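Some notes on the structure that comes next.
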Amino acid sequence: MKFFIDTGNLAQIKEANDLGILDGVTTNPTLMAKEGIKGEEAIAQHYKAICEMVDGDISAEVLSTDFATIVEEGKKLAAIHPNIVVKVPMIKDGVKAIKWFTDNGIRTNCTLIFSAGQAILAAKAGASYVSPFIGRIDDSGWDGMELIGQLRHIFDVQNYKTEILAASIRNALHIIKAAELGADVCTCPLSSILGLLKHPLTDIGLAQFLEDAKKM
Ligand code: G3P
């Protein structure tokens with residue numbers, strides 16, 4: 001399973017990248033706004049900085065919702081760097097735009113996926129990735145991981161090449177479950193990635209080793 005970090009924060013991206021386990025970055029308008037990135041030029045510069053830092057796919061989300069503008073915006077985003085993947089919302093014009101991008105050699109990540117039907121449509125249109133929002137499904141009282149399992153089964157049976165990108169990850173258990181169920185990618189906040197490191201027995205064991213090392 002590939003690891004992406006889900007943030008627009010350059011310091012956090014650097015920290016995850018320095019671990020040597022990072023395969024890419026996903027952003028969304030909320031995450032970009034959080035970093036105070038405003039205006040077309042600043043947005044492009046920020047994506048460029050991320051692409052120069054991380055050698056992997058970088059999802060950059062369109063801000064429009066009609067076919068013609070999504071295509072224009074996506075073309076500009078894709079021109080920033082060859083690793084840019086245009087993130088498109090799961091709406092009717094979005095599906096149409098994903099098909100256009102596919103036919104024109106631009107890779108896409110279909111975002112805001114909450115059902116198998118939506119994922120099938122995105123895959124049929126040729127999306128490179130679909131992003132089911134695990135945490136938000138859990139928040140509404142459903143089991144987000146069930147969707148990952150269902151998509152894995154459907155994509156295997158149908159031989160879809162689209163990668164399943166588990167998004168809206170909230171904790172280390174989400175990452176472990178996504179790996180177990182065969183997600184191709186997991187995009188996580190830095191806190192969830194670092195959460196994988198933790199085990200109290202590791203801390204106790206290391207403290208003991210360091211204590212005994214003094215006797216050596
Ligand atoms: O980037 C999309 C997704 O990962 C957002 O997560 O935590 O806002 O539901 P969250």
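Remember, predicted model here, so these are calculated numbers, not experimental data. Atoms within each ligand, like the ligands themselves, are counted from 1 in listed order. Sequential numbering from 1 along the given sequence is applied to the chain's residues.
Distances between N or O atoms of Asp6 and those of ligand 1 include at least one value under 3.5 Å. Taking distance alone, with nitrogen or oxygen atoms compared against 3.5 Å, Thr27 stays at or beyond that limit from ligand 1.
Distance from atom 7 (O) of ligand 1 to its nearest protein heavy atom, with residue and atom name: Arg170 NE, 3.2 Å. Counting protein heavy atoms only, atom 8 (O) of ligand 1 is closest to Arg136 NH2, 2.8 Å. Regarding atom 2 (C) of ligand 1, its nearest protein heavy-atom neighbour is Phe133 CZ, 3.3 Å. The protein non-hydrogen atom at the shortest distance from atom 6 (O) of ligand 1 is Ser168 CA, 3.3 Å.
Donor-acceptor pairing under 3.5 Å is recorded for the side chains of Ser59 and Asn109.
Using a distance-only test at 3.5 Å, with no hydrogens or angles considered, no donor-acceptor pair links the side chain of Thr187 to the main chain of Ile169.
Neither the backbone nor the side chain of Glu61 has a heavy atom within less than 4.0 Å of ligand 1.
Shortest non-hydrogen contact noted between Thr162 and Phe155 is O-CD2, 3.3 Å.
No salt bridge links Asp139 with Arg136; every basic N to acidic carboxylate O contact stays at or beyond 4.0 Å. Between Glu72 and Lys76, no side-chain nitrogen of the basic residue sits less than 4.0 Å from a carboxylate oxygen of the acidic one, so the salt-bridge criterion is not met. With salt bridges taken as basic N to acidic carboxylate O contacts below 4.0 Å, one links Arg107 and Asp57.
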